[in-house]
Amino acid sequence: MYVSIVGSGYVGTTVAACFADLGHQVTNVDIDQSIVDTINTGEAPIHEEGLPELIDAHAAADGTSRLRATTDYDAVLDTDVTFLCLPTPQADDGSIDLSIMKAGAEQLGETLRKKQDRHTVVVKSTVVPRTTEEHIAPLLNNPSDEAETAPVGVGMNPEFLREGTAIHDFLHPDKVVLGADDERTREDMHAVFAALLDQHDAPVVETDLRTAEMTKYANNAFLASKVSLINDIGNICKQFDIDAYEVADAIGLDDRIGEQFLRSGLGWGGSCFPKDTRAIIHAAEETGYEPAMLNAAVEVNDGQPERLLELLDERLDVDGERVAVLGLAFKPGTDDIRNARSIPVIEGLQKRNASVVAYDPVAADEMRERFPDIEYADSAADALTDASAALIVTEWDEFGALDEAFETMARKLVVDGRRVDLPIEERGLEYEGLCW
Ligand SMILES: NC(=O)C1=CN([C@@H]2O[C@H](COP(=O)(O)OP(=O)(O)OC[C@H]3O[C@@H](n4cnc5c(N)ncnc54)[C@H](O)[C@@H]3O)[C@@H](O)[C@H]2O)C=CC1
Ligand SMILES: O=C(O)[C@H]1O[C@H](OP(=O)(O)OP(=O)(O)OC[C@H]2O[C@@H](n3ccc(=O)[nH]c3=O)[C@H](O)[C@@H]2O)[C@H](O)[C@@H](O)[C@@H]1O
């Protein structure tokens, strides 16, 4: 099939490369010329495992390519289905900011008016319930159009991939949710996903637009709350001198709890859990419902960076001291620093007048724009040199391999927010874990 993807960021680029790999002819449309150029030269615009290989294989400039990128919306006219993968950031009041989605949908709507045949537009971005029907569809069709016969069929297909494992997650989903309010649109969505489902047999959830939208928020809210709950439990464990990871391993054996998302520590960051929990809280409040559990999940999460810093305070007055921050990305495997826990940690250190030296294998350049005045080391070992303390903020594998480098520290004090396996005994570290 001919598929276009509007928005070529973390989701749009991954989805485009995977659809091309599955045999579709794919066009990415993005307003950012540098992203478009990068894809067209066969390279990945973001750091994501497996993505460079897929783009290199499918965006070849030799005319055999199944993937190309453009800034020209007219490219969608040569396709059957368009996925909207535009950002849905958080507004200042916590609500979803739909301005980018609406601008993209408006331009798409204007473009599609030039098309004779029916076209299908699928919202893949995370949007609060009723957004697709109330804000997006009216920009694509006339208000009087019936869903079944409208010139543009409108569907909603939430995405559940994680950064760092995006390609694998997209190609091996736990479920595919197809939301539509009419049969023709649903059939078009099935047709696009048939190639994926042929090679990976996932359950398909057919539902209406708003249930598809809510399923995405419920998924993220549940997972974010699970992490906050294990952090709450982890904080209690710390009070009783109990290892929260031993407790988590034990409760994870109960199928009803499950072993995933039980890693206690600094909590959740990233481009989705923080904004999505706040957006659904805000949307609920607008209907008059106060979601107590979700508010508590946010509160616990917001408190974890300060708890880490307080553990450091108990051991060292950091005023004027060199403190190494190991890990800046919101999780390993990505260069994404959006809402990374490293941000409140660095802010807290600056407030305490510490001299911060930060290291991340891939996210330092991104962070330089956010904190231009701190020092950035070229390696974890360089960051540790002469530091009076080190904070582990992201659990990159390479931190688990650190060994002699600890000997170069002015004081071998390590406060770990992510439970990395460190040579505590061998190197005589003064070690403090956040929840263990
Ligand atoms: N990042 C993730 O892991 C996941 C994100 N999502 C959701 O997917 C959506 C997209 O997220 P990301 O890919 O992370 O966003 P992103 O910020 O990485 O990428 C968005 C892209 O859209 C482009 N863009 C902005 N305005 C445009 C316009 N008018 N026309 C064409 N292109 C335009 C930007 O240049 C950028 O390349 C969000 O709703 C997010 O919540 C869902 C699942 C996973
Ligand atoms: O909507 C989204 O964008 C995506 O959000 C998350 O994916 P992602 O944010 O990429 O990464 P996760 O692996 O879920 O981690 C999120 C945060 O939770 C933290 N986390 C995760 C698991 C855990 O046990 N403990 C923990 O602190 C991570 O360090 C990270 O900061 C969801 O897992 C995806 O299903 C969803 O598609």
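In what follows, every heavy atom counts, from backbone to side chain, and hydrogens, waters and symmetry copies are set aside. Numbering of ligands and ligand atoms starts at 1, following listing order.
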- Query: What do the steps show when you test Arg419 against Glu395 for salt bridge (Lys or Arg N to Asp or Glu O under 4.0 Å), and what is the final call?
  - Reply: CA-CA 7 Å; Arg419 179 63 164 229; Glu395 65 276 33; over 6 Å; no
- Stepwise salt bridge (Lys or Arg N to Asp or Glu O under 4.0 Å) test for Glu134 and Arg210: CA-CA 10 Å; Glu134 288 180 4; Arg210 64 177 75 170; 5.4 Å; no
- Task: Evaluate salt bridge (Lys or Arg N to Asp or Glu O under 4.0 Å) for Asp182 paired with Arg118, printing each intermediate quantity in order.
- Result: CA-CA 13 Å; Asp182 70 284; Arg118 181 173 155 109; 3.0 Å; yes
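Within the 4.0 Å heavy-atom shell around ligand 1 one finds Lys216. Residue contacts with ligand 1 include Lys275, since one of its heavy atoms falls under 4.0 Å from the ligand. The closest approach between any non-hydrogen atom of Ser271 and ligand 1 is below 4.0 Å. Taking 4.0 Å as the cut-off, Phe160 does not count as a neighbour of ligand 1 on heavy-atom distance. Under a 4.0 Å heavy-atom criterion, Gln33 is not in contact with ligand 1.
No hydrogens or angles considered: a donor-acceptor pair under 3.5 Å links the side chains of Glu213 and Thr132. In this model, no donor atom of one side chain and acceptor atom of the other lie less than 3.5 Å apart for Arg68 and Asn40.
Against a heavy-atom cut-off of under 4.0 Å, Glu159 is close to the following atoms of ligand 2: 37 (O). Against a heavy-atom cut-off of under 4.0 Å, Arg418 is close to the following atoms of ligand 2: 27 (O), 29 (O).
Checked by distance only, ligand 2 and Leu223 stay at 3.5 Å or farther apart across all their nitrogen or oxygen atoms. Polar contact check, Arg338 against ligand 1: a nitrogen or oxygen pair lies under 3.5 Å apart. Annotation: Asn219 places no N or O atom under 3.5 Å from an N or O atom of ligand 2; distance criterion only. Considering backbone and side-chain N/O atoms, Tyr10 comes within less than 3.5 Å of an N/O atom of ligand 1.
Residue nearest to atom 43 (C) of ligand 1, selected from Glu159, Lys102, Arg162: Glu159 (by heavy-atom distance). Nearest-heavy-atom check against atom 34 (C) of ligand 1 across Thr13, Asp30, Val6 picks out Asp30. Residue Leu86 holds the heavy atom nearest to atom 9 (C) of ligand 1 of all those in Leu86, Asp276, Val11, Thr165. Distances from atom 6 (C) of ligand 2 to the heavy atoms of Phe330, Trp268, Phe273 put Phe273 nearest. Closest to atom 25 (C) of ligand 1 by heavy atom, among Ile5, Ile31, Asn28, is Ile31.
Of all the heavy atoms of Asn231, none lies under 4.0 Å from any atom of ligand 2, so neither backbone nor side chain is involved. Looking at Arg162 against ligand 2, both its backbone and its side chain come within 4.0 Å, counting heavy atoms. Neither the backbone nor the side chain of Asp169 has any atom closer than 4.0 Å to an atom of ligand 2 (non-hydrogen atoms only).
Remark: minimum distance from atom 20 (N) of ligand 2 to any protein heavy atom is reached at Val227 CG2, 4.1 Å. Remark: minimum distance from atom 11 (O) of ligand 2 to any protein heavy atom is reached at Lys331 NZ, 3.1 Å.
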